[in-house]
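Only one structure is covered here, and it is reproduced in the block below.
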There are 2 protein chains.
Amino acid sequence: MLRIATVNINGIRATLRRGFGEWMAGRDADVVTLQEVRCTLADLPEDAFGGYHAVYEPGTIAGRNGVAVLARRPPAAVRTWGAEVLLRGPGERHTSTVPAQTPTLARGISRYAAEGRYVEVDLADAPLTVASLYLPKGGLPAHLQRPGRMREAPDGGAKYQRKMHFLDAFARQLRRARREARARGRDLLLTGDLNVAHTQLDVAAWRRSQQAEGFLPEERAWLDDQLSARTLVDVVRRLHPDTAGPYSWWSWLGQSYALDVGWRIDYHLATPGLARCAVRAEVDRAHAGTRLSDHAPVVVDYDV
Amino acid sequence: MLRIATVNINGIRATLRRGFGEWMAGRDADVVTLQEVRCTLADLPEDAFGGYHAVYEPGTIAGRNGVAVLARRPPAAVRTWGAEVLLRGPGERHTSTVPAQTPTLARGISRYAAEGRYVEVDLADAPLTVASLYLPKGGLPAHLQRPGRMREAPDGGAKYQRKMHFLDAFARQLRRARREARARGRDLLLTGDLNVAHTQLDVAAWRRSQQAEGFLPEERAWLDDQLSARTLVDVVRRLHPDTAGPYSWWSWLGQSYALDVGWRIDYHLATPGLARCAVRAEVDRAHAGTRLSDHAPVVVDYDV
DNA sequence: CTTATAAGG
DNA sequence: CCTTTTAAG
C-alpha cells in the first residue's frame, strides 16, 4: 500500500507556522508532493521535511513557485526540465544542489523550464514515476476584463495567453513523460495544482464562476483533452464519480472555507494501471483548527 | 502650560494596532507632532486622531515618510514646502486637501519639497510655530562601505551624500523659518526625527557607533552648527545636561530596547525664549507593555 | 485574505 | 527585527 498526498502549501514558512510538521508526522504518507514552496535554499528550515527525503526545484524567481517531492525512501531518479535540483536526506542539515536528469523537452516548454513548476522522481518503493506540477493561475482573456469584474489593472489578456501557451506546451511534455515512463516500465502519477477545474462538479459556485480564470471553457477543454484519451485518469473523480467536490482550494476571502465554497483544482492524474490500484481518496480538511494553506492535501491510497 | 510631544510612529496603522489611540487619550498633550505616518489619505483611519485637529503632509512617495501635527485647537496657519496639506477636524470623517501656505524656499530644498518631511503650523494656543520634521536616515559614505560592515549592497555613498545635501539645504530653510517666525512675533519649535545624534551622551554604544550613519562626524558637526549659535536650543538636553540619553530610538533587533541601548535622535529644538519656558521633559517609555514603534515619544511641558 | 519580495528603517 | 509597497495568488 502506498499513500501519496499532494498539497499546495503557498509558502512553506507560513505553512510550518501552521503545523505542517505535525501534519506530516500524523498523516503517515509515503510520498508527499508540494507546490508553491516559495523559498530559496537558504530559507528552507533545516527540519522542514522531517524524516523524508526531499527533492526540491525552487525555480529562479525569488519567493515564487517551487515544487518538491518528499519520499520515505530515497528516489531512484530525479528529473526536471533542465534545472538543478536540491536534495536533502532525512534529518540532514545540508542540502546539496545537483544537476537533475532532463527529459527531452517538448516544443515551447523551455521558456518555462526555470520557474519551479515541475519535478518528477522515480520512486524506490514501486515501479512508479511521481511528478509534482504547479500550473500558472493565469487570468482573464482581454474580452472578459471589464472594470467592475476586476480589481486589478487589465493586462490585455497577457496572463491568460501565457497560461494557455503553457498548457499547450505542457500537453506535449506530458505525452513525452508518459511515453518515457512506460519505456522505463513505470506507471506515471501526475500530482499537483493544475489551476483548472474540470467539470461543474469541481466548482461549488460553478454557475457564477464560468467567467473566472480556472474554469474558462478553453481551460476546461484542455483538461478534458488530457483525460478523454484515458491515457491519464482523474483518480479522485474515479473514486467519487458523483459527488460535488471534494474541493481542494478555497479563497481566503470571506467564509469560503467554512461554507465549503471551494474548487477542485489539485489532482492525482494516473496512468490507467495505477489508477485501478487507487482504493481510497480524500481531501484532508481535518488538520487541527487551522488550515495549512488556501489548499488542502489530496491524499490517495494506492494498493500497489 | 502647553504639553508638546513628538514621536516617529513608523506606520500609523501598525502604531494604532499597538495602542496609539489609548496613548493619545492618556497622554493629555496639547500638540503632538508625528513623523513616518506612512499612509495615504485613503488609508488614514477615520478615528486615527481622536479629538485632535490633524494637519498632514503625506508626501508623494507611497507608504513612506509623512509628517503631521495634531493639535487640540485648530491651527491659525499651516505651511509646507509647496505641497498640499490634509486637514481633518476632531471627530470628522472627512479629510480635506488644501493648498498650504509656502515660505520662500531656500536654495536646494525644492527637490525635497514633496517627500512628506516637513510641515509647520502656527498654534492658536500661543505665539508659537511648531514644525514636524523627518530627516533622511542616510547611509555610510563610500569609504566606510566595506563588506562585513554592511548587509546591504554598497551604494557608493549615495544615501549619505543625499542626506548631507538635504542637511545643507535644510539649514538654510531653517534660518528662514526662524526669521519668518520672529517676524510674525512667534517663537519657533522644531520637533521631530533628525536621524542625527549630537554628542556621546546621545548614543548608548557611542564608541562602536562612530562609523554608523546618524553619528558620523559630518552629521554631528551639522547638528552642532544648528545649536552652537544658540538661535535654537536642544530643550531636552538643556533640562538634562549630564544624563546619558534619554534615548528616543532603539533598534528592533536583539534586546536593544530592554537594555536601553538606544539613540537620542528625536528632538525639541526651540528658539531661546521658548526654550527657557520648558519645565519638564521626558521620553515616554511607559506605554502599556508594547512599544508604539521603534521610537518613543519625547514629551515636553512649556510654561507659556 | 494571504504569501511572498524589495526598500527603507 | 519591523513596516511598508508590489505582485501574485
Side-chain angles (χ1 to χ4, degrees), chain A residues 8-18 35-40 43 58-66 115-117 134-140 150-153 155 158-159 162-163 193 195 212-214 249-258 263 265-266 290-295, chain B residues 8-18 35-40 43 58-66 115-117 134-139 150-153 155 158-159 162-163 193 195 212-214 249-258 261 263 265-266 290-295:
Chain A
N8 178 320
I9 54 178
N10 190 28
I12 194 167
R13 282 163 291 181
T15 308
L16 284 167
R17 280 200 299 272
R18 293 183 163 127
Q35 300 85 41
E36 289 206 270
V37 177
R38 301 185 75 176
C39 71
T40 59
D43 293 329
T60 55
I61 315 173
R64 296 252 290 286
N65 309 338
E115 291 193 1
R117 295 190 179 274
Y134 176 52
L135 289 179
K137 180 180 166 80
L140 293 180
M150 302 189 67
R151 202 158 298 205
E152 326 87 79
D155 69 351
K159 285 181 184 167
R162 187 176 200 277
K163 180 178 187 176
D193 177 2
N195 266 314
E213 65 244 42
W249 176 84
W250 303 263
S251 167
W252 289 112
L253 289 79
Q255 293 292 99
S256 302
Y257 185 74
W263 294 52
I265 56 179
D266 302 277
T290 51
R291 307 160 68 174
L292 288 173
S293 80
D294 48 349
H295 299 250
Chain B
N8 178 318
I9 54 179
N10 190 26
I12 193 166
R13 283 163 289 180
T15 308
L16 284 167
R17 280 199 300 274
R18 294 185 164 124
Q35 300 85 40
E36 288 206 272
V37 177
R38 301 186 74 175
C39 71
T40 59
D43 293 329
T60 55
I61 315 173
R64 295 250 291 285
N65 309 337
E115 291 192 0
R117 294 189 179 274
Y134 175 52
L135 290 179
K137 181 182 166 78
M150 302 189 69
R151 204 158 296 203
E152 326 87 79
D155 70 351
K159 285 179 183 167
R162 187 176 199 277
K163 181 178 187 176
D193 178 1
N195 266 314
E213 66 244 41
W249 177 85
W250 304 262
S251 168
W252 288 111
L253 288 79
Q255 293 292 101
S256 303
Y257 185 73
V261 182
W263 294 52
I265 55 179
D266 302 278
T290 51
R291 306 159 67 173
L292 288 171
S293 80
D294 47 350
H295 298 249

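Reminder, nothing fancy here: chain letters follow the sequence lines and each chain counts from 1.
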When the distance from CH2 of B/Trp252 to P of D/dT4 is rounded to whole Å, what number comes out?
11 Å
With sugar-phosphate meaning primed atoms plus P, OP1 and OP2, does A/Tyr134 contact a base, only sugar-phosphate, or nothing at under 4.0 Å between heavy atoms?
sugar-phosphate
Are the side chains of B/Ile61 and B/Glu115 in touch, meaning some heavy atoms are under 4.5 Å apart?
yes
Looking only at side-chain atoms of B/Leu253, point me to the closest of C/dG8, C/dT3, D/dC1.
D/dC1
Side-chain heavy atoms of B/Leu135 within contact of B/Arg117, under 4.5 Å:
no
Could you point out which residue of A/Arg38, A/Gln35, A/His295 forms a side chain to side chain donor-acceptor pair (under 3.5 Å) with A/Asn10?
A/Arg38
Classify the side chain of B/Arg64 and the base of D/dT4 as holding, or not holding, a donor-acceptor pair under 3.5 Å.
no
How long is the line joining CG of A/Asn8 and P of C/dT2, in whole Å?
16 Å
Whichever of B/Gly138 and A/Asn10 has its nearest DNA chain C nucleotide further upstream toward 5':
A/Asn10
Let me know the distance between CZ of B/Arg117 and C1' of C/dG8, rounded to the nearest Å.
10 Å
Are any side-chain N or O atoms of B/Arg13 and backbone N or O atoms of B/Cys39, one a donor and one an acceptor, separated by less than 3.5 Å?
no
Taken to the nearest whole Å, NE2/A/His295 to P/C/dT2 is 14 Å
Could you grab the distance from atom CD1 of B/Ile9 to atom CG of B/Asp193, nearest 0.5 Å is fine?
12.0 Å
Any stem touching DNA chain C, meaning at least three consecutive Watson-Crick or G-U pairs under 3.5 Å, ordered by first number, would be C:1-4 with D:6-9, C:6-9 with D:1-4
Under 4.0 Å between a side-chain N/O of B/Arg13 and OP1 or OP2 of D/dT5, yes or no?
yes
Map A/Ala62 and B/Asn65 onto DNA chain C by nearest heavy atom, then report which one ends up closer to the 5' terminus.
A/Ala62
Spacing of A/Arg38 atom CZ relative to D/dA7 atom P, expressed in whole Å
14 Å
Within the structure shown, what part of the strands sits under 4.0 Å from B/Arg291 by heavy-atom distance: base, sugar-phosphate, or nothing?
nothing
Is B/Arg17 near enough to D/dC2 that one of its side-chain N or O atoms lies under 4.0 angstrom from OP1 or OP2?
no
To the nearest Å, give me how far apart CG (B/Asp294) and C1' (D/dC1) are.
10 Å
What is the distance, rounded to the nearest whole Å, between atom CG of B/Asn195 and atom P of C/dG8?
14 Å
Between A/Trp249 and A/Lys137, is there a cation-pi geometry (under 6.0 Å to ring centre, at most 45° from the normal)?
yes
How long is the line joining CD of B/Glu36 and P of D/dT4, in whole Å?
10 Å
Taking B/Lys163 for the side chain and B/Glu213 for the main chain, is one N or O donor matched with an acceptor at less than 3.5 Å?
no
